[in-house]
Amino acid sequence: MYITELSRFDHLYLQAHDWPVNEFHNWDNANFLPLSTDIKRQILNNFTPVSVPLIMWRKVQLLLLGDQQVDSQKLLRYFATLPFLQQNMLYSQLMRANFVDHSKMFDCGPLYQMMIQNFCQQSSEFCQVSPLIGSGNEEIVLLLTNQFVNTQHGPTLTVLNYASAFKAMGKHPVVICCTSVAKSSHYLYPMPAPIFFGAVRNEYYESDTLFDLDTGQQQPYEAGSAVKCWDQLFDFMQITPMDDTEHLVDLINVINQLNPRFIIGVGGLNPVLEYIAQSRPVLNIPCVTSLVTPLYAVPVLHRDLTEKDQLSIAALSLAHPVLTSRLPFRLRKFDCVKSSKVTDHVLKFAIVGYRLEQEVGADFIETLWVIKKQFPQSAFVFIGPETIAGFPVELASCSYFSGSVSNAIDLIANCHFMLNPKRQGGGTSAIEALSLGIPVLTEAYGDVYQYIGNDFVFSTNKERLAFIQRYLTDPEFEAHSKQTCLETAAKATDSLAVVQALLLDYDSYIYQLQH
């Protein structure tokens with residue numbers, strides 16, 4: 001049945017017009033996506049598409065299943081035939097899958113390089129970025145981001161946190177969202193469902209509007225477009241899709257007229273940022289602690305360089321040196337306090353994240369079993385998901401799944417520990433827990449490890465159990481652990497200190513480039 005349907009879509013995609021875009025996506029989402037990994041592989045191995053769209057769909061599906069036999073050179077050749085928006089969507093899909101450890105052993109670097117060069121060549125045909133003139137305008141700081149959503153979105157808060165720090169330094173930050181992933185209306189080639197389009201808010205296109213993120217409301221604003229967060233106002237501009245000629249020209253004209261000394265990209269690798277960086281200094285600050293490798297922008301790493309990092313940098317021959325910094329946090333307003341006590345009858349462990357369905361694997365399930373066996377009074381509070389497929393019934397009976405919530409910290413405050421699966425993200429929730437004095441138990445992997453240091457890092461379940469036991473039975477150790485949590489959170493949320501140090505390094509490098 002599946003092969004027959006795929007063959008039908010393959011035939012339809014061979015037509016010159018009327019591609020079955022929505023029909024195929026809906027079929028994929030309802031029929032292929034829920035299948036088990038083994039059945040998916042069997043279907044893909046028995047299906048030989050002819051149309052380029054279905055060939056691409058099949059290859060990306062295999063990559064997402066961890067297939068190491070995909071011909072990367074053939075994929076690159078097909079990738080080169082796609083228009084820019086489709087290249088960007090496919091690249092973003094693979095990068096997102098890689099972030100949650102669902103795409104293995106595939107180097108997306110060549111795809112990114114081809115996509116950026118394609119975008120820069122197209123963009124240069126209708127607009128040109130002027131180089132930095134003199135010392136530039138040091139008052140204005142342009143902050144470009146791939147996504148801008150609301151206060152429940154970590155990267156959005158990160159952008160605004162940098163903007164707030166620059167405002168505290170006496171500068172005028174302008175937040176610009178140049179969404180890197182097109183809306184579904186631009187979706188032509190089938191990508192594995194659910195396709196990651198990125199979060200694009202239609203209301204942000206409205207001019208002369210104040211978007212109040214503190215209240216979730218908006219109202220007319222004569223001074224132009226602005227966002228409000230933490231009772232602070234920030235000038236705001238939304239452009240998308242990024243290959244929209246008119247919008248890109250508007251942005252480039254703003255840059256050429258203002259001549260800002262500091263242009264900073266916050267978030268993932270960004271084609272618009274790279275195009276600007278071909279002509280003038282631009283800083284690329286990620287929202288993660290992994291090494292990002294832009295072609296033209298100056299990369300920032302939110303931790304110390306390792307020997308492995310240095311080898312990667314040498315092999316890539318990056319255009320600029322890597323600046324090192326820390327990722328500053330600014331937590332949402334809250335008035336809760338830690339309410340759990342070691343004498344409680346139930347021992348609660350918080351597990352927080354909106355991708356836990358993809359991040360909770362067999363190793364983490366084993367950790368839960370071991371904790372439950374050692375501490376029968378244990379209960380597990382999953383904040384974010386409504387359920388997790390294949391989650392053991394016995395553990396489900398002592399677990400709570402909150403679904404999407406706006407008050408995660410209130411639930412965390414009632415727990416004794418936070419457990420972090422082996423994953424890349426999770427930094428904001430970890431800092432929230434630490435700010436309440438709640439230990440975050442993690443492995444030496446990903447963003448959380450880089451943020452909290454080695455105090456609560458464990459390589460085995462035995463080490464984890466020993467820490468929990470001592471915490472519950474040794475009051476001095478409990479007090480010391482709580483103090484460590486608070487000090488770590490305070491350091492991570494000292495945004496002004498972090499941003500000032502980074503800006504000094506960036507300014508020094510701009511001076512070197514000019515002289």
Side-chain angles (χ1 to χ4, degrees), residues 151-152 154 157 214 230 329-354 356 360 364 367-368 370-388 395-421 425-442 448 451-453 455-458 464-494:
T151 56
Q152 303 305 313
L157 284 177
D214 293 326
W230 306 306
F329 287 88
R330 180 160 179 170
L331 304 181
R332 309 172 187 92
K333 293 181 179 179
F334 64 90
D335 54 12
C336 63
V337 295
K338 179 176 179 286
S339 56
S340 61
K341 300 180 178 62
V342 295
T343 55
D344 292 340
H345 294 301
V346 179
L347 184 63
K348 296 180 182 179
F349 295 82
I351 304 101
V352 188
Y354 288 105
L356 290 177
V360 170
F364 189 72
T367 295
L368 300 183
V370 169
I371 290 175
K372 184 65 177 176
K373 182 178 180 180
Q374 180 74 19
F375 305 100
Q377 74 275 32
S378 296
F380 306 106
V381 181
F382 288 86
I383 305 172
E386 295 182 355
T387 185
I388 293 178
L395 288 176
S397 64
C398 61
S399 299
Y400 168 71
F401 292 85
S402 73
S404 179
V405 296
S406 59
N407 63 330
I409 196 166
D410 292 337
L411 296 175
I412 296 171
N414 194 34
C415 295
H416 302 80
F417 304 95
M418 176 181 283
L419 281 177
N420 187 54
T428 300
S429 56
I431 300 301
E432 287 181 334
L434 294 177
S435 71
L436 295 170
I438 296 174
V440 179
L441 314 184
T442 189
V448 171
Y451 301 147
I452 72 174
D455 294 288
F456 307 120
V457 173
F458 308 96
R464 198 173 287 108
L465 292 176
F467 175 89
I468 296 170
Q469 180 66 33
R470 185 179 178 188
Y471 183 92
L472 295 176
T473 57
D474 185 340
E476 290 187 6
F477 183 71
E478 178 199 358
H480 173 74
S481 297
K482 180 179 180 179
Q483 186 60 33
T484 299
C485 291
L486 297 176
E487 291 173 356
T488 302
K491 184 177 181 181
T493 53
D494 189 357

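Ring geometry, F417 versus F467: the interplanar angle exceeds 60°, so the pair is classed perpendicular (tilted spans 30 to 60°).
Here the closest non-hydrogen pair linking Y471 and S481 is CE1-CB, 3.8 Å. G353 and P385 make their closest contact through O-CD, 3.6 Å (heavy atoms, listed as atom of the first residue, atom of the second, distance). Here the closest heavy-atom approach between residue S399 and residue F382 is recorded as OG-CE1, 3.9 Å. Closest approach of Q377 and H345 over heavy atoms only: CB-O, 3.2 Å. For the residue pair I383 and A408, the shortest heavy atom distance occurs at CG2-CB, 3.8 Å. Annotation for C336 and A413: closest pair SG-CB, 4.0 Å, computed over non-hydrogen atoms.
In this structure, the side chains of C415 and F349 stay at 4.5 Å or more apart for every pair of heavy atoms. Using a 4.5 Å cut-off on side-chain heavy atoms (C-beta onward), S429 and M418 make contact. Residues V405 and D410 have side chains not in contact (no heavy-atom distance under 4.5 Å, counting atoms from C-beta outward). Looking only at side-chain heavy atoms (C-beta outward), F375 and L465 come within less than 4.5 Å of each other. Annotation: side chain of S435 is not in contact with side chain of F329 (no heavy-atom distance under 4.5 Å). Between C398 and S378, the closest side-chain pair of non-hydrogen atoms is not below 4.5 Å. Looking only at side-chain heavy atoms (C-beta outward), I371 and L419 come within less than 4.5 Å of each other. Two residues are said to be in side-chain contact when any heavy atoms from C-beta on lie closer than 4.5 Å; I431 and L434 meet this criterion.
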Given the rule in the side chain to side chain contact (heavy atoms under 4.5 Å, CB included) test, do L368 and V360 qualify, once you have shown the distances and angles that lead to the verdict? CA-CA 11 Å; L368 300 183; V360 170; 5.6 Å; no
Carefully, step by step, assess N414 and V381 under the rule side chain to side chain contact (heavy atoms under 4.5 Å, CB included). CA-CA 10 Å; N414 194 34; V381 181; over 6 Å; no
Go through T484 and F456 one step at a time and tell me if the side chain to side chain contact (heavy atoms under 4.5 Å, CB included) criterion holds. CA-CA 10 Å; T484 299; F456 307 120; 4.2 Å; yes
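A side-chain donor-acceptor contact under 3.5 Å links D474 to the backbone of E476.
Of the inter-residue distances, the one linking R330 atom CZ with T428 atom OG1 reads 13.5 Å to the nearest 0.5 angstrom. Of the inter-residue distances, the one linking Q374 atom CD with R464 atom CZ reads 13.0 Å to the nearest 0.5 angstrom. In this structure, OG1 on T367 lies 10.5 Å from CD1 on I351, to the nearest 0.5 angstrom. Taking CG of L347 as the reference point, atom NE2 of H416 lies at 5.5 Å (rounded to 0.5 Å). Once rounded to the nearest 0.5 Å, the distance linking NE2 of H480 with SG of C485 reads 9.5 Å. Here the CD1 atom belonging to I412 is positioned 13.0 Å from the NZ atom belonging to K338, to the nearest 0.5 angstrom.
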